[in-house]
Amino acid sequence: MFNEIDPILYPDKPVEECGVFGIYAPGLDVARITYYGLYALQHRGQESAGIAVADGSSIELHKGMGLVPEVFAGHSLDKFSGFAAIGHVRYGTTGSSHPLNAQPLVFRYAKGMLGLAHNGNLTNVTELSMQLASTGSVFQSSTDSEVLVNIIARYNANSVEDALMKCMIDVKGAYSLLIMSEDTLYAARDPHGFRPLCLGRLGEGYVVASESCALTTVGATFIRDLEPGEILRIDRSGVTSTPGFKAPCPAHCIFEYIYFARPDSTMDGYNVNKVRREMGRQLAREYLVDADIVIPVPDSGTAAARGYAEEAGIPFEEGLMKNRYIGRTFIQPTQQMRELGVQIKLNPIREVLEGKRVVMVDDSIVRGTTSQKLVSMLREAGAKEVHMVISSPPVLRSCYYGIDTSDENELIAAKMPQEEIRKCIEADGLHYLSLEGLLQIFTPKEEQFCTACFNGNYPVEIPKSNKNAKFSLE
């Protein structure tokens with residue numbers, strides 16, 4: 001599976017919050033198609049999964065904790081009948097791993113039923129929840145998605161589109177949304193376009209997903225990415241687009257390209273694999289090492305490592321073998337097993353590494369714990385030198401737009417200079433891709449990305465109360 005991240009095995013990595021998939025296709029098995037679509041998005045969240053199906057008069061829901069096949073192992077998809085569906089995979093942050101927080105959320109209100117699946121994070125959720133609670137709203141979960149539910153229900157006097165337009169005025173932050181009534185599918189992207197969302201065609205129907213790889217998996221044809229602030233309505237008459245509020249400049253999450261997205265996805269005009277390969281080439285231009293081999297930290301470092309090897313003229317090798325058959329429950333959450341996590345997941349190949357000067361390419365360093373273990377593993381396997389090169393700039397700030405990064409006081413690059421980090425991870429060399437070099441890859445659209453985790457330039461203001469305390473991220 002591409003880029004599947006277990007926070008126990010990889011405690012040093014930021015984690016994407018979730019992925020969404022929706023379909024409107026009368027005559028097709030929408031539940032089963034959604035199931036496979038969520039399989040393709042499993043890398044975006046492994047905590048919980050769910051599918052809701054609409055048949056014109058009601059919405060049926062099944063969700064639970066675990067991976068997609070685990071959640072639906074005892075459930076027959078044949079029980080679902082309908083022509084529209086939405087699905088969700090979620091990664092739960094500390095303290096929010098609870099069945100009530102699993103999505104989609106399905107609720108009744110004055111005009112019927114609605115289902116909602118959300119990818120992103122609201123930066124003003126505390127303020128909004130307090131306002132809603134003061135006027136009688138009751139919350140069953142600890143997610144900001146339920147705040148969205150309440151706002152949409154209150155504004156939905158005329159239409160869901162109208163409610164979403166008004167919602168965009170009140171809500172700040174990141175959100176790619178799928179909303180489903182008994183007979184209509186809606187999709188919306190926040191005014192900055194932080195989180196990805198794309199539209200595809202499947203037969204006579206339509207599919208909306210967090211990544212284009214999910215469209216390919218179910219046999220759909222990619223049409224386009226949703227524009228920031230755009231609202232789509234999909235029903236028997238086809239697709240209707242309503243332009244909502246659009247920020248002066250987009251702020252697509254650049255970490256999607258560095259790490260989170262599957263390499264076979266294309267987002268906002270850029271293929272993820274090609275971008276990562278170019279990151280590696282740019283790394284070699286900025287930091288050329290006299291070495292014998294280039295190896296990746298699989299899987300997210302593979303494309304960048306190939307690019308580095310091509311540009312540097314150094315042989316590419318697989319020096320770390322990934323065990324792809326470890327399930328989520330294989331490692332119990334004990335301190336001893338957490339310490340063994342990297343060794344269980346990745347195994348060095350001594351025959352490749354022994355006596356070699358090695359360039360090891362990874363996508364990021366957050367806390368430094370995993371990097372130190374990897375360097376140590378290579379040395380124990382006989383590597384003569386280990387130079388670590390990172391296909392992103394140093395992570396200096398926390399993300400508040402839908403990625404679970406560590407608090408700033410846990411970010412190693414925010415606490416010590418690069419040379420001290422190198423000593424801490426015990427590498428012979430350490431180099432990060434410069435922010436300027438990273439943005440050059442996207443020329444002439446380099447100003448369209450959120451780079452707050454690297455430079456602290458947050459496109460949407462972060463309330464002071466949120467800068468000192470992480471809250472539930474969805």
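Since the model is a prediction, treat every value here as computed from it, not as a measurement.
A cation-pi contact, defined as under 6.0 Å to the ring centre and within 45° of the axis, is absent between Arg397 and Phe454.
Here the closest non-hydrogen pair linking Asp225 and Cys198 is OD1-CB, 3.7 Å. Across all non-hydrogen atoms, the minimal contact from Asn119 to Pro196 is ND2-CD, 4.4 Å. Minimum interatomic distance between Val361 and Ala304 (heavy atoms only, all atoms of both residues): CG1-CB, 3.8 Å. Gly115 and Ile59 get closest at one heavy-atom pair: N-CD1, 3.8 Å. The minimum heavy-atom distance linking His118 with Asp144 is given by the pair CE1-OD1, 3.8 Å. The two atoms that bring Pro348 and Ala381 nearest to each other are CB-CB, 3.8 Å, heavy atoms only.
Between atom CD1 of residue Ile231 and atom CE of residue Met168 there is a gap of 4.0 Å, rounded to the nearest 0.5 Å. A distance of 8.5 Å separates CG of Leu116 from NE2 of His88, quoted to the nearest 0.5 Å. Here the CD1-OG distance, from Ile421 to Ser371, works out to 9.5 Å after rounding to the nearest 0.5 Å. To the nearest 0.5 Å, the span separating CG on Leu232 from OH on Tyr186 amounts to 11.5 Å. We find the CE-CD1 distance between Met388 and Ile425 to be 5.5 Å, quoted to the nearest 0.5 Å. A distance of 8.0 Å separates OH of Tyr35 from CZ of Phe72, quoted to the nearest 0.5 Å.
Thr217 places no side-chain N or O within donor-acceptor distance of the main-chain N or O of Gly37, the cut-off being under 3.5 Å. At distances below 3.5 Å, at least one donor-acceptor pair connects side-chain atoms of His252 with backbone N or O atoms of Gly193. A side-chain donor-acceptor contact under 3.5 Å links Glu182 to the backbone of Met113. Judged purely by atom type and a 3.5 angstrom limit, Ser76 uses its side chain to pair as donor or acceptor with the backbone of Asp78. Looking at Ser129, its side chain does come within 3.5 Å of a backbone N or O of Val125 through a donor-acceptor pair. Judged by distance alone, the side chain of His192 and the main-chain N or O of Arg189 form no donor-acceptor pair under 3.5 Å. Between the side chain of Tyr432 and the main chain of Ile365, no donor-acceptor pair closer than 3.5 Å is present. Between the side chain of Asn124 and the backbone N or O of Lys172, at least one donor-acceptor pair lies under 3.5 Å. In this structure, Ser391 contributes its side chain and Gly280 its backbone to no donor-acceptor pair below 3.5 Å. Judged purely by atom type and a 3.5 angstrom limit, Arg195 uses its side chain to pair as donor or acceptor with the backbone of Tyr401.
For the 3.5 Å distance criterion, the side chains of Asp55 and Ser57 qualify, holding a donor opposite an acceptor.
With a 4.5 Å cut-off on side-chain heavy atoms, Met279 and Leu438 count as touching. Using a 4.5 Å heavy-atom threshold, the side chains of Cys18 and Gln103 count as separate. In this structure, the side chains of Lys63 and Ser48 stay at 4.5 Å or more apart for every pair of heavy atoms. Using a 4.5 Å heavy-atom cutoff, the side chains of Leu197 and Val208 are in contact. Contact annotation: the side chain of Asn347 never approaches that of Asn323 to less than 4.5 Å [non-hydrogen atoms, C-beta and beyond]. Taking the side chain as every heavy atom from C-beta outward, Asp268 and Gln448 never approach each other to under 4.5 Å. Residues Tyr206 and Val239 are in side-chain contact: their nearest non-hydrogen atoms beyond the backbone lie under 4.5 Å apart. The shortest distance between side-chain heavy atoms of Phe255 and Ser364 falls below 4.5 Å.
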Practice task
Carefully, step by step, assess Val460 and Phe194 under the rule side-chain contact (heavy atoms from CB on, under 4.5 Å).
Solution key: CA-CA 10 Å; Val460 175; Phe194 284 108; 3.8 Å; yes

Exercise for the section: Could you walk me through whether Phe21 and Ile33 pass side-chain contact (heavy atoms from CB on, under 4.5 Å), step by step? Expected result: CA-CA 10 Å; Phe21 183 94; Ile33 292 170; 4.1 Å; yes

Problem - Check against side-chain contact (heavy atoms from CB on, under 4.5 Å), Ile152 and Leu164 - result: CA-CA 6 Å; Ile152 292 169; Leu164 286 170; 4.0 Å; yes

Practice task
Apply the test side-chain contact (heavy atoms from CB on, under 4.5 Å) to residues Ile234 and Leu199: give CA-CA distance (whole Å), side-chain angles for both, the deciding distance (0.1 Å), then the verdict.
Solution key: CA-CA 11 Å; Ile234 306 174; Leu199 173 69; 4.2 Å; yes

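Partners of Phe83 under the ring pair (Phe, Tyr, Trp, His ring centres under 6.0 Å) rule, at least two apart in sequence or in another chain, are Tyr24. Phe80 is linked by a ring pair (Phe, Tyr, Trp, His ring centres under 6.0 Å) to His75, counting only residues two or more places apart in sequence or in another chain.
Classified by interplanar angle (parallel below 30°, tilted 30° to 60°, perpendicular above 60°), the ring pair Tyr39/Tyr36 is parallel.
No salt bridge links Glu211 with Arg262; every basic N to acidic carboxylate O contact stays at or beyond 4.0 Å. Note on Glu256 versus Arg44: salt bridge recorded, some NZ/NE/NH1/NH2 to OD/OE distance being below 4.0 Å.
No more than 12 heavy-atom neighbours from other residues, nucleotides or ligands sit within 6.0 angstrom of CZ on Arg108. Counting heavy atoms of neighbouring residues, nucleotides and ligands inside a 6.0 Å radius, atom NZ of Lys274 does not exceed 12 of them.
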